[in-house]
Amino acid sequence: MSSNSPFNITLPDGSVREMPHGASPMDVAAAISPGLAKAVIAARVDGELVDATMAFTGDAALHLVTARDEADALELARHDFAHVLAEAVQQIFPGTQITFGPATDDGFYYDVMPPASRGAFTEDELPAIEDAMRAIIRADKPLRREVWSRADLIQRWREAGENFKAEWAAELPQGEELSVYWSGDDWMDMCRGPHLPSTGRLDPAAFKLMRVAGAYWRGDQKNAQLTRIYGTGWLNKKQLDAHLLRLEEAAKRDHRKLGQEMDLFHLQQEAHGSVFWHPHGFRIWRELEAYMRRAIDASGYDEVKTPQVMDARQWEQSGHWGKYRENMFVIPDEVPNVEDEGPVVSGDADWMALKPMNCPAHVLIFRQGIKSYRDLPLRLFEHGCCHRNEPHGALHGLMRVRQFTQDDAHIFCREDQIIREVQDFCALADRIYKDFGFTYAIKLALRPDKRFGSDADWDKAENELRNAVVQAGLATAEYGWAELPGEGAFYAPKLEWHLTDAIGRTWQVGTIQSDRVLPERLDASYIGEDGARHRPIMLHRAIFGSYERFLGILIEHYAGRFPVWLTPVQAVVATIVSDADAYAGQVAAELAAAGIRVETDLRNEKINYKVREHSLAKVPHLLVVGAREAAEGKVAIRTLGQDGQRIMTIAEALAMLRAEATPPDLRG
RNA sequence: GCUGCUGUAGCUCAGAGGUAGAGCACUCCCUUGGUAAGGGAGAGGCCGAGAGUUCAAUUCUCUCCAGCAGCACCA
């Protein structure tokens with residue numbers, strides 16, 4: 001082939017165009033039509049996303065990327081918004097250092113270091129930055145790629161006082177082409193690209209700066225903290241507006257807000273990170289607990305209860321003291337000094353700790369008496385109340401607390417029983433998540449850097465979990481199968497269940513972990529068929545994860561409108577006139593006798609007022625009774641989310657309510 | 001834990017260097033009214049905690065505590 005023969009460029013429809021050397025995807029677009037040239041924002045050359053103006057280097061398959069290729073277009077636009085943001089910030093606040101600015105799931109951010117003369121940027125300054133961004137977009141500055149030598153680049157950043165960029169330029173992998181992008185002729189950033197042809201391809205009405213936050217340089221707590229400016233960015237205003245609306249929807253179902261409005265629980269300073277469950281909230285908890293007990297009773301588990309506080313030496317032996325102490329609540333084993341002055345604790349008492357996990361206690365139960373291989377698998381379940389002293393900034397409503405109750409169990413089994421146990425667990429988890437209307441993805445979290453146990457054991461453990469899921473046919477794209485390096489616990493790899501809720505957010509809740517470390521450390525053993533002692537494998541598993549968190553997720557998933565079987569108040573009997581009070585009491589009594597959670601509302605208020613109040617409280621069924629209903633022995637039922645009423649007899653109403661109030665696992 | 005913001009009545013929020021206000025909720029009175037707010041009156045606050053500046057601090061400053069948004073961690 002001669003060195004200056006044209007390149008053959010194959011288009012998606014199979015047609016081939018000959019293009020001279022130096023030609024780019026943009027030239028192909030221009031050759032097809034001027035309209036296409038205008039619409040092209042980037043290109044996929046042999047599948048790789050590149051600048052539309054990047055010259056071909058050989059024969060290639062070409063796909064011209066336009067706004068119709070939404071995923072690519074969004075990614076490009078968001079990345080460009082980030083650059084425009086950085087340019088705008090430096091324009092308004094000279095002396096600001098720039099660092100990184102990637103695209104995110106719904107937009108972009110850029111981490112910057114404000115000039116030494118001032119503090120972090122504030123949200124009040126965002127509108128001015130937005131204006132500057134719009135000006136840059138309207139100026140339609142061409143984005144031009146250049147390749148620089150490392151030395152030139154480092155020097156350029158040093159001269160510009162860009163210490164972070166200089167550091168990064170020095171550390172980029174050898175052999176990598178170092179590219180910069182010019183925005184017009186007056187601003188540049190170091191970036192791998194690709195980018196849109198010019199800033200004018202962005203829609204100035206399709207982004208919004210959302211907030212500022214702190215973020216560490218290169219994600220490390222030991223490094224300088226930068227100001228991160230977050231924005232949301234889209235292809236057009238319509239998409240932006242839709243996104244803002246979604247955010248409002250999510251805010252409306254915030255469990256902290258609904259928890260207060262529905263009087264489910266509260267949190268307060270004196271016990272921060274621990275939950276005060278109110279009567280209505282705890283009804284949901286009890287219903288969940290009863291549901292879970294039925295599930296584990298039917299699955300061969302034995303429920304146990306273990307101590308809240310154990311000697312620190314026990315935690316040393318289990319390894320928690322070494323690896324987990326910073327998160328443990330430690331207490332002295334002594335009577336506090338009661339004199340007015342003087343220390344409350346002497347400092348020389350033995351230390352005890354609140355349990356951060358239930359596992360060691362379950363091993364201690366296992367160790368009582370001599371276990372035979374015939375006893376395995378032994379499945380010990382506990383509604384275990386744990387305390388963890390979490391970093392204060394991590395606490396978040398019910399989602400991250402310092403005291404929580406797990407639906408925790410440990411399955412002690414032989415190696416050859418693992419796959420079966422893991423598969424049974426997958427089936428149980430599947431049934432339960434579906435009962436709540438969740439879909440889920442399963443992920444395998446692999447060994448972390450900080451860990452116990454030999455590599456050989458980790459190999460085995462990871463393979464067992466992987467094989468169980470593969471053999472169960474769940475390691476597929478449909479189940480969102482993925483492996484997450486470094487995400488495992490310090491003692492074991494984990495299978496994780498990531499739930500997707502009603503508005504598409506994901507939550508990690510369930511897990512099963514195969515552990516060889518703890519049985520070894522705590523010397524658990526059983527007598528095998530051969531008469532010798534063997535180590536059992538310990539499978540740690542949970543389905544709700546914690547009641548607190550799962551309840552928080554449920555509140556947001558259902559937006560407070562719980563299914564009837566879970567809802568705190570299933571029906572309210574509300575009177576129109578006081579003459580119906582006695583009848584209302586009779587109706588309520590009949591429902592209560594049938595196990596329906598029912599309340600009466602006999603207040604001297606208009607029915608409009610009562611309807612409004614109970615609707616806002618998300619009571620699923622309102623049974624309205626007046627003189628007419630009392631005379632006829634009927635009720636007028638108004639169902640949440642539906643217009644109008646249904647008149648029925650008490651017996652009919654009771655049958656309907658009983659059917660709806662039956663938990664999903666008890667339905668025929 | 002880090003950065004920024006916030007902390008006033010049960011809730012949502014105004015307010016100002018001279019010890020406080022609204023709406024909803026609450027209590028009482030009137031109203032007995034057919035499916036999303038009937039009317040009136042009343043009660044309710046150590047203005048997150050501590051220190052400083054000031055004649056005077058809830059208001060300004062500092063320190064702590066808690067909450068919020070991120071980060072870093074994690075069920």
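Just so it is clear: chains get the letters A, B, ... in the order the sequence lines come, proteins before strands, and each one is counted from 1.
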I need the [atom1]-[atom2] distance between [X] and [N], as an integer number of Å.
| X | N | atom1 | atom2 | answer |
| --- | --- | --- | --- | --- |
| A:L226 | B:rG4 | CG | C1' | 14 Å |
| A:M262 | B:rC11 | CE | P | 18 Å |
| A:Y583 | B:rG34 | OH | P | 19 Å |
| A:R612 | B:rU35 | CZ | C1' | 13 Å |
| A:I229 | B:rU3 | CD1 | C1' | 13 Å |
| A:F265 | B:rC11 | CZ | P | 14 Å |
| A:Q645 | B:rU35 | CD | C1' | 7 Å |
| A:E605 | B:rU27 | CD | P | 10 Å |

* Plane angle bin for A:Y301 and A:F381 - parallel if under 30°, tilted between 30 and 60°, otherwise perpendicular ->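 Ring orientation, 0 to 90° scale: perpendicular.
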How would you list, by chain and number, every residue that makes a salt bridge (Lys or Arg N to Asp or Glu O under 4.0 Å) with [X], sequence neighbours excluded?
| X | answer |
| --- | --- |
| A:E605 | none |
| A:R228 | A:D111 |
| A:D106 | none |
| A:E487 | none |

* **Nearest non-hydrogen partners of A:L428 and A:S299, listed with the distance** =>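 Closest approach of A:L428 to A:S299: CD1-OG, 3.7 Å.
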* Asked: Does the B:rU32 base have a donor-acceptor partner in the side chain of A:S578 within less than 3.5 Å?
  ->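 A donor-acceptor contact between them is present.
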[atom1]-based separation of [M] from [N] [nearest Å]:
| N | M | atom1 | result |
| --- | --- | --- | --- |
| B:rC11 | B:rC26 | C1' | 12 Å |
| B:rG39 | B:rG23 | P | 13 Å |
| B:rC28 | B:rG21 | C1' | 23 Å |
| B:rG48 | B:rG15 | P | 15 Å |
| B:rG7 | B:rG42 | C1' | 29 Å |
| B:rU6 | B:rU59 | P | 15 Å |
| B:rC47 | B:rA51 | P | 13 Å |
| B:rA9 | B:rA14 | C1' | 13 Å |

* Take nucleotides 41-50 of chain B nucleotide by nucleotide from the 5' end and write B, S or -, depending on whether a protein heavy atom sits under 4.0 Å from the base, only from the sugar-phosphate, or from neither. => ----------
* **Per-nucleotide protein contact string for nucleotides 68-75 of chain B (B base, S sugar-phosphate only, - none; heavy atom under 4.0 Å)** => SSBBBBBB
* To do: For residues A:Q403 and A:C385, determine if any side-chain heavy atom of one lies less than 4.5 Å from a side-chain heavy atom of the other.
  =>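 Result yes, sub-4.5 Å side-chain heavy-atom pair found.
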* **Listed once per pair and sorted, the side-chain hydrogen bond (donor to acceptor under 3.5 Å, both in side chains) pairs that draw on residues 543-553 of chain A, sequence neighbours left out** =>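 For residues 543-553 of chain A: A:H383-A:Y547.
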* Asked: Under the ring pair (Phe, Tyr, Trp, His ring centres under 6.0 Å) test, which residues partner A:Y216, sequence neighbours left out?
  ->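 A:Y216 satisfies ring pair (Phe, Tyr, Trp, His ring centres under 6.0 Å) with no residue once adjacent residues are dropped.
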* **Partner residues of A:H362 under the ring pair (Phe, Tyr, Trp, His ring centres under 6.0 Å) criterion, sequence neighbours left out** =>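 Per chain and number, A:H362 pairs via ring pair (Phe, Tyr, Trp, His ring centres under 6.0 Å) with A:H410.
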* Reckon A:Q260 has a side-chain N or O less than 4.0 Å from the OP1 or OP2 of B:rU12? ->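 Affirmative; the distance criterion is met.
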* Between A:H392 and B:rA66, does any side-chain N or O lie under 4.0 Å from OP1 or OP2? ->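 Checking B:rA66 against A:H392, a side-chain N or O does come within under 4.0 Å of OP1 or OP2.
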* To do: Could you list the residues that satisfy side-chain hydrogen bond (donor to acceptor under 3.5 Å, both in side chains) with A:N608, not counting sequence neighbours?
  =>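 So A:N608 forms no side-chain hydrogen bond (donor to acceptor under 3.5 Å, both in side chains) with any residue.
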* Asked: Base, sugar-phosphate alone, or nothing: which one does A:A627 contact when heavy atoms must sit under 4.0 Å apart?
  ->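 Answer is base: heavy atoms of A:A627 come under 4.0 Å of a base.
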* Asked: How would you label the contact of A:A636 with the nucleic acid (heavy atoms, under 4.0 Å): base, sugar-phosphate, or nothing?
  ->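 Since a base atom lies under 4.0 Å of A:A636, the category is base.
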* Asked: Going by a 90° cut-off around 0, is B:rC71 syn or anti?
  ->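 Chi for B:rC71 falls in the anti range.
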* Asked: Want to settle it: does A:I637 or A:D579 sit nearer the 5' end of RNA chain B, counting the closest nucleotide to each?
  ->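 The residue mapped nearer the 5' terminus is A:D579.
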* Just compare B:rG34, B:rU35, B:rA37 and give me whichever is closest to any side-chain atom of A:V611. =>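 Of the options given, the side chain of A:V611 lies nearest B:rU35.
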* What would the secondary structure line of RNA chain B be in dot-bracket form, counting Watson-Crick and G-U wobble pairs under 3.5 Å, with [ ] for pairs that cross earlier ones and | for pairs with another strand? -> (((((((..((((....[..)))).(((((.......))))).....(((((..]....))))))))))))....
* **Residue pairs involving residues 620-645 of chain A (criterion salt bridge (Lys or Arg N to Asp or Glu O under 4.0 Å); sequence neighbours excluded)** =>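 Found none.
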* Should the pair A:R211 and A:Y230 be classed as cation-pi, given the thresholds of under 6.0 Å to the six-membered ring centre and 45° from the axis? ->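 The answer is yes; both the distance and angle limits are met.
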